[in-house]
Number of protein chains: 2
Amino acid sequence: MLESHQYLRQFSIKPSVQRSAVMHFLLNNRIHPTIDEIFMALSPTMPTLSKTTVYNTMDLFVEKGAVQVLAIDEKNARYDVDISAHGHFFCKGCAKVYDIFDLKPEMFQLPVNEKFKIHAVESS
Amino acid sequence: MLESHQYLRQFSIKPSVQRSAVMHFLLNNRIHPTIDEIFMALSPTMPTLSKTTVYNTMDLFVEKGAVQVLAIDEKNARYDVDISAHGHFFCKGCAKVYDIFDLKPEMFQLPVNEKFKIHAVESS
DNA sequence: GTTTTTAATTGAAATGATTACAAAGATAAT
DNA sequence: ATTATCTTTGTAATCATTTCAATTAAAAAC
Ligand SMILES: [Mn+2]
Ligand SMILES: [Mn+2]
Ligand SMILES: [Zn+2]
Ligand SMILES: [Zn+2]
């Protein structure tokens, strides 16, 4: 969480206990988490944490450019601390988001309306 | 709406008055509409139409592969009667979705967290 | 063509994510 | 220490979507 402190400053985000904890989680769990996943992960060790704070914090992080928000999962917003331009693959089976860094053009020959979606991919 | 009738049959969707009206609207208004936009467009000439029916109808259309659902707008689901693999550009200014058929790789050098998003694009 | 069965539509209520808001708590400035 | 500013918190409101049971329409059986 020392590192998170520094990391936040790079984006001119004033660090607070909650903000550092959230950023620490994001940096160490690159699972494109939902608000609820962040909240449930931190809640045990931070019992006073409010879900509203997680919403506020993520809004601020996005505003400051420290994270990007993904709309690939229509159920919940998902957040990515990796702000580089890269693709995402959403599996409706396990409801997880995977990165696509090296896109193969053939992947776009997949039929639509299947059990996955590909978003914001880079051309290769 | 005669054409819509035929069109639905191509996807083995049993045509009803409501389904044909919705499909007619989709075929003639390729604006990637939301549920509400569809409902508000048809409601005047079809006063008994229920929004639930629009939801049911779009679910069926997606299930049968007649339309694809886009998650690019985090506020509402958007539907596209063009089921070919093509890209979408969402402008947060006018809240409209634009097609991207010929993607230029340079477009991906745009910074993230700006006032737009690019989804599900084809490689060029 | 009337009865019976099945499918589609409807409106109201429930759900679930997100947002708004106002009070309480913490930090910074004077 | 006092005051002002920023952050956190919990509750309530909002809004899209889903669930559900009742009504209506269409299809099948007789
Ligand atoms: Mn990612
Ligand atoms: Mn389109
Ligand atoms: Zn999976
Ligand atoms: Zn625009």
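What you see is a predicted model, and the numbers here were worked out from it, not measured in a lab.
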Rounded interatomic separation in angstrom, taking [atom1] from [X] and [atom2] from [N]:
X	N	atom1	atom2	value
B:Glu63	D:dT18	CD	P	13 Å
B:Asp73	D:dA16	CG	P	10 Å
B:Met40	D:dA16	CE	P	10 Å
A:Phe39	D:dT9	CZ	C1'	11 Å
B:Gln18	D:dT24	CD	C1'	10 Å

First of B:Val17 and B:Asp36 reached from the 5' end of DNA chain D, by closest nucleotide: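 So the residue in question is B:Asp36.
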
Taking for each residue the nucleotide of DNA chain D with the nearest heavy atom, is it A:Lys75 or A:Leu49 whose nucleotide lies nearer the 5' end? A:Leu49

Any side-chain heavy-atom pair from A:Asp59 and A:Val62 closer than 4.5 angstrom? no

Report yes if some heavy atom in the side chain of A:Phe25 is under 4.5 Å from a heavy atom in the side chain of A:Pro33; otherwise report no. yes

Which part of the nucleic acid, if any, lies within contact of B:Ser16, taking any heavy atom under 4.0 Å across all strands shown: a base, the sugar-phosphate backbone alone, or nothing? sugar-phosphate

When we call it a touch if two heavy atoms are under 4.0 Å apart, what does B:Lys51 touch: a base, just sugar-phosphate, or nothing?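 No contact at all - B:Lys51 keeps every heavy atom at 4.0 Å or more from the nucleic acid.
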
Does either side chain, that of B:Asp82 or that of B:Ser84, offer a donor lying less than 3.5 Å from an acceptor on the other one? yes

Distance-only side-chain donor-acceptor flag, A:His32 / A:Asp99, under 3.5 Å: yes

Of B:Arg19 and B:Thr52, whose closest DNA chain C nucleotide lies nearer the 5' terminus?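 Result: B:Arg19.
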
With respect to B:Phe61, which candidate in B:Val22, B:Asn56, B:Val81 satisfies the side chain to side chain contact (heavy atoms under 4.5 Å, CB included) definition?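 When B:Val22, B:Asn56, B:Val81 are each tested with B:Phe61, the side chain to side chain contact (heavy atoms under 4.5 Å, CB included) holds only for B:Val22.
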
Looking at A:Thr53, I'd like to know whether one of its side-chain N or O atoms comes within less than 4.0 Å of OP1 or OP2 on D:dT7. no

Looking only at side-chain N and O atoms, does A:Thr48 come under 4.0 Å of OP1 or OP2 in D:dT9? yes

Out of curiosity, A:Ile13 CD1 to A:Leu60 CG, how far, rounded to the nearest 0.5 Å?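 If I round to the nearest 0.5 Å, the distance is 5.0 Å.
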
Cation-pi geometry met for B:Lys51 and B:Phe39 (6.0 Å, 45°):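 Geometry flag: set, cation within 6.0 Å and 45°.
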
Using chain A heavy atoms and a threshold of under 4.0 Å, write down where along DNA chain C the contacts begin and end, 5' to 3'.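 Counting from the 5' end, contacts occupy C:dA17 to C:dA20.
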
